[in-house]
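Notes follow once the structure below has been shown.
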Amino acid sequence: MREVAHDKFSKESFIDLGVSHVFRQRDEVFRPAKHSRYSGVVVTPLKCGVRQGEGHFLMTGSIVLGRARLGCAPRFSQFRRIAKEMTERGLNDCDLSAIIMG
C-alpha cells in the first residue's frame, strides 16, 4: 500500500496500491507499472480500518460507478488458513488447492 486516504464523509478509504501479481481482472483496475509491477486505486469501507503498510492480501471486489470497490480484505495468510479449514470440513465448494498449498 503506497498511500491510504480516509474520507469520513463518504465512509470510504481510498487505497493506492503497488502490486506484484494480478491473477484475474475484468476491468483494467491495475495497470502495468515499473519493475514488473502493477498499480491502481481501490475503495473499501472506512469500517475496515485500513492502515498503510506492506503485506500480502487477497483482494476481491467489483466495479461500481467506475471505481474498484472491495470489502474488507484479509491478509493472504488469514485467507489461506480459513480456506484450508473450510476445505477440511467439506464446507468449500471451490477448488482452492493451489492457494492452500501455496
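Index from 1, following the sequence. Side chains included, hydrogens not; waters and symmetry mates left out as well; all remaining heavy atoms used.
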F30 vs S39 side-chain heavy atoms within contact, under 4.5 Å =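 Side-chain contact under 4.5 Å: no.
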Would you mind reporting whether L46 and K8 have side-chain heavy atoms less than 4.5 Å apart?
->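 Yes - at least one pair of side-chain heavy atoms lies under 4.5 Å apart.
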F14-L17 co-clustered via ILVMFWY side chain contacts under 4.5 Å =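 Hydrophobic grouping puts F14 apart from L17.
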Find out if a path of hydrophobic residues (ILVMFWY) with successive side-chain heavy-atom gaps under 4.5 Å connects V50 to V41.
->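 Looking at the clustering, V41 is in a separate group from V50.
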Heavy atoms of other groups near R26 CZ, more than 12 under 6.0 Å =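 Open.
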Which atom of R37 lies closest to which atom of G18, heavy atoms considered |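 Smallest heavy-atom distance, with atoms named: NH2-O, 2.8 Å.
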For M1 and Q52, work out which heavy atoms get closest and say how close.
->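 Nearest heavy atoms, M1 then Q52: O-CG, 3.5 Å.
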Test applied, side-chain contact (heavy atoms from CB on, under 4.5 Å); reference residue, S13; option that passes from V42, T44, V43 =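 In the set V42, T44, V43, the residue that makes a side-chain contact (heavy atoms from CB on, under 4.5 Å) with S13 is T44.
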Partner of T87 under side-chain contact (heavy atoms from CB on, under 4.5 Å), chosen from N92, D95, I82 =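 Result: among N92, D95, I82, N92 is the only option passing the side-chain contact (heavy atoms from CB on, under 4.5 Å) with T87.
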Listed by chain and number, what are the side chain to side chain donor-acceptor pair (under 3.5 Å) partners of S10, not counting sequence neighbours?
->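 Side chain to side chain donor-acceptor pair (under 3.5 Å) list for S10, sorted by chain: D7, E12.
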Please report the interatomic distance [atom1]([X]) to [atom2]([Y]), rounded to the nearest 0.5 Å.
X	Y	atom1	atom2	result
H21	F76	NE2	CZ	10.5 Å
H6	I15	NE2	CD1	8.0 Å
M86	D93	CE	CG	12.5 Å
Q78	H56	CD	NE2	14.0 Å

